[in-house]
Amino acid sequence: MADLGKKYCVYCLADVTSLRLRCTECQDIELCADCFSAGAEIGNHRRWHGYQLVDGGRFTLWGPEAEGGWTSREEQLLLDAIEQFGFGNWEDMAAHVGASRTPSEVMEHYVSMYIHGNLGKACIPDSIPNRVTDHTCPTGGPLSPSLTTPMPPLDITVADQQQLGYMPFRDDYEIEYDQDAETLISGLSVNYDDEDVEVELKECCVDMYVRKLKERQRRKNIARDYNLVPAFLGKDKKEKDKPAKRKISKEEKELRLKLRALYQFMSNKEIEDFFENMHKERMLRTKIRELQRYRRNGITKMEESAEYEAARHKREKRKENKNTANSKRGREDGKESEFAAIENLSGFELLSDREKVLCSSLNLSPTRYLTVKTIIIKDHLQKRQGIPSKSRLPSYLDKVIKKRILNFLTESGWISRDAS
């Protein structure tokens with residue numbers, strides 16, 4: 001006869017008093033974890049039915065051979081405590097788990113099972129990519145004491161230190177950036193009777209001071225990265241010893257201008273390495289395209305490429321000379337065809353070069369121009385002799401053409417300026 005108070009799996013009759021899975025759609029169907037994971041079905045019960053986990057809180061996650069005999073309820077309390085109190089607060093975690101566990105037991109169990117155990121090996125990778133900086137650590141974070149830790153002193157002479165007001169043992173200057181930043185916290189004091197608004201105001205002052213310290217340190221780092229102090233003193237020997245820099249293309253200048261806002265997140269060396277690598281990439285791509293062009297033209301050896309390039313250069317030179325000759329011939333033909341509209345008309349041979357240009361621009365036939373010219377000069381001579389004359393200009397001559405012809409005859413000296 002089965003013991004009273006115990007529960008058994010309806011499929012394999014195993015003892016499931018500590019942990020069982022109960023079907024929410026069938027009555028009196030309770031399975032062990034093995035049968036449930038295998039998809040056991042019995043009677044009207046099917047494996048896709050909903051289920052409910054019934055936990056007595058007395059089974060162990062790591063098996064009976066695990067040290068300490070931690071139950072599932074204690075494991076759950078431990079995980080809640082590590083999330084609530086944080087890693088390292090073992091006393092608070094032990095109090096949360098229960099009086100039966102000491103802080104040392106809590107620490108040993110968590111480290112051995114969740115960090116160095118199989119669960120930790122499966123979840124924690126050997127190398128953590130893009131690891132977030134711990135700002136509470138002693139060094140390395142902007143809110144850590146390393147913010148005020150002095151850097152190695154500048155390698156300058158005593159005279160230069162006096163000139164700059166530099167204190168090498170503190171890596172400080174007599175006049176720092178935002179010299180009055182310390183006044184924000186110099187008069188602060190925390191009192192037990194401070195109201196919440198006063199406490200928040202003091203915290204804001206401390207936050208402002210930290211921001212000013214960060215900006216001060218950032219400026220010092222920039223001065224070191226870009227070697228500004230030796231450059232200011234005129235003793236930048238390292239820059240003189242460096243090889244000549246390559247010529248920067250227009251596209252790279254535009255890209256540098258667009259990325260200027262990101263310079264504050266990178267050091268000078270990182271920026272120069274970035275653009276240098278981009279330049280190398282462009283050179284490699286160009287070389288690859290050149291080699292592909294050789295291969296398309298049947299060249300498989302570098303020795304053959306020199307002969308190919310020489311022949312290609314000669315071919316392009318001949319083509320360029322041919323284009324130049326054609327352009328010269330086209331310009332000469334253009335000059336000859338400038339008067340094509342009027343050169344076949346009668347009277348063209350009687351015109352001067354300037355008159356040909358005038359007739360061509362006015363779209364006026366040579367005979368009509370000569371007629372107008374004769375009438376204007378004749379009228380001008382009669383007026384000079386005092387003989388009254390009436391203008392006999394043709395009706396097809398409009399005012400614009402008449403004015404252009406009068407100005408031309410005046411500039412050429414055929415008539416006087418007063419007559420025009």
Side-chain angles (χ1 to χ4, degrees), residues 127-137 139-156 160-161 163-168 170-185 204-290:
S127 60
I128 303 177
N130 302 325
R131 187 166 188 170
V132 178
T133 303
D134 184 5
H135 296 311
T136 62
C137 62
T139 58
L143 302 181
S144 66
S146 63
L147 181 67
T148 56
T149 302
M151 299 176 66
L154 295 172
D155 187 13
I156 56 178
D160 294 336
Q161 293 175 7
Q163 180 182 354
L164 296 173
Y166 178 70
M167 296 173 283
R170 298 179 54 182
D171 193 35
D172 285 340
Y173 296 88
E174 294 180 1
I175 300 178
E176 292 278 359
Y177 168 75
D178 203 346
Q179 184 72 9
D180 300 330
E182 282 72 19
T183 56
L184 287 169
I185 60 170
C204 290
C205 291
V206 174
D207 182 66
M208 292 168 60
Y209 174 65
V210 170
R211 290 175 182 270
K212 291 179 181 293
L213 284 184
K214 289 169 63 177
E215 178 63 21
R216 183 182 295 175
Q217 190 63 36
R218 186 182 73 88
R219 291 173 178 253
K220 288 183 180 179
N221 294 338
I222 290 176
R224 286 177 179 267
D225 290 342
Y226 289 87
N227 210 21
L228 298 182
V229 174
F232 173 76
L233 297 172
K235 300 178 179 180
D236 194 4
K237 298 180 181 179
K238 295 182 179 179
E239 292 293 333
K240 297 179 181 178
D241 298 337
K242 287 184 179 179
K245 293 185 178 180
R246 60 179 177 84
K247 187 177 180 180
I248 299 177
S249 62
K250 182 181 178 181
E251 293 77 9
E252 184 174 338
K253 288 181 180 179
E254 294 177 353
L255 181 60
R256 284 175 179 263
L257 187 62
K258 291 179 181 179
L259 298 179
R260 184 176 293 178
L262 303 178
Y263 284 7
Q264 57 181 319
F265 303 110
M266 303 170 68
S267 64
N268 181 35
K269 186 177 183 304
E270 290 174 340
I271 294 172
E272 293 301 328
D273 290 345
F274 171 71
F275 286 107
E276 188 65 28
N277 291 334
M278 289 187 62
H279 174 69
K280 291 180 180 178
E281 180 186 0
R282 285 195 296 270
M283 297 297 293
L284 288 174
R285 290 181 181 274
T286 304
K287 188 65 176 178
I288 290 172
R289 287 195 295 268
E290 182 181 0

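Below, all heavy atoms of this structure are taken into account, side chains as well, without hydrogens, waters or symmetry copies.
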Could you tell me which non-hydrogen atom of [X] sits nearest to which non-hydrogen atom of [Y], and how far apart they are?
X      : Y      : result
Tyr173 : Val229 : OH-CG2, 4.1 Å
Cys205 : Ile185 : O-CG2, 4.2 Å
Arg224 : Tyr166 : NH2-OH, 4.0 Å
Leu184 : Met208 : CD1-CB, 4.0 Å

query: Just wondering, are more than 12 heavy atoms of other shown residues or ligands nearer than 6.0 Å to CD in Glu174?
result: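 No, not enclosed.
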
- prompt: Do other residues, nucleotides or ligands put more than 12 heavy atoms under 6.0 Å from the CG atom of Leu257?
  reply: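 Yes, the 6.0 Å shell around CG holds more than 12 heavy atoms from other groups.
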
Would you mind checking if [Y] and [X] are paired as a salt bridge, meaning a charged N to carboxylate O distance below 4.0 Å?
X      : Y      : result
Arg218 : Glu215 : yes
Asp172 : Lys220 : yes
Arg285 : Glu281 : yes
Glu252 : Arg256 : yes

Give, for atom [atom1] of [X] and atom [atom2] of [Y], the distance between the pair rounded to the nearest 0.5 Å.
X      : Y      : atom1 : atom2 : result
Glu251 : Arg282 : CD    : CZ    : 7.5 Å
Asn221 : Lys214 : CG    : NZ    : 12.5 Å
Lys247 : His279 : NZ    : NE2   : 12.5 Å
Leu164 : Leu233 : CG    : CG    : 5.0 Å

- prompt: Would you say the side chain of Gln163 lies within less than 4.5 Å of the side chain of Ile156, judging by non-hydrogen atoms?
  reply: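 The answer is no, as the side chains (C-beta and beyond) never meet within the 4.5 Å cut-off.
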
message: Would Arg216 and Leu213 count as a side-chain contact (heavy atoms from CB on, under 4.5 Å) here? Give the steps.
response: CA-CA 5 Å; Arg216 183 182 295 175; Leu213 284 184; 4.1 Å; yes

- prompt: Could you walk me through whether Lys287 and Glu290 pass the side-chain contact (heavy atoms from CB on, under 4.5 Å) check?
  reply: CA-CA 5 Å; Lys287 188 65 176 178; Glu290 182 181 0; 3.9 Å; yes

- request: Start with the C-alpha gap between Leu154 and Asp160, add the side-chain angles, then the distance that decides, and say whether side-chain contact (heavy atoms from CB on, under 4.5 Å) holds.
  value: CA-CA 10 Å; Leu154 295 172; Asp160 294 336; over 6 Å; no

field: Passing candidate, side chain to side chain contact (heavy atoms under 4.5 Å, CB included) with Phe274, options Glu272, Glu270, Met278
entry: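 The option that passes is Met278.
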
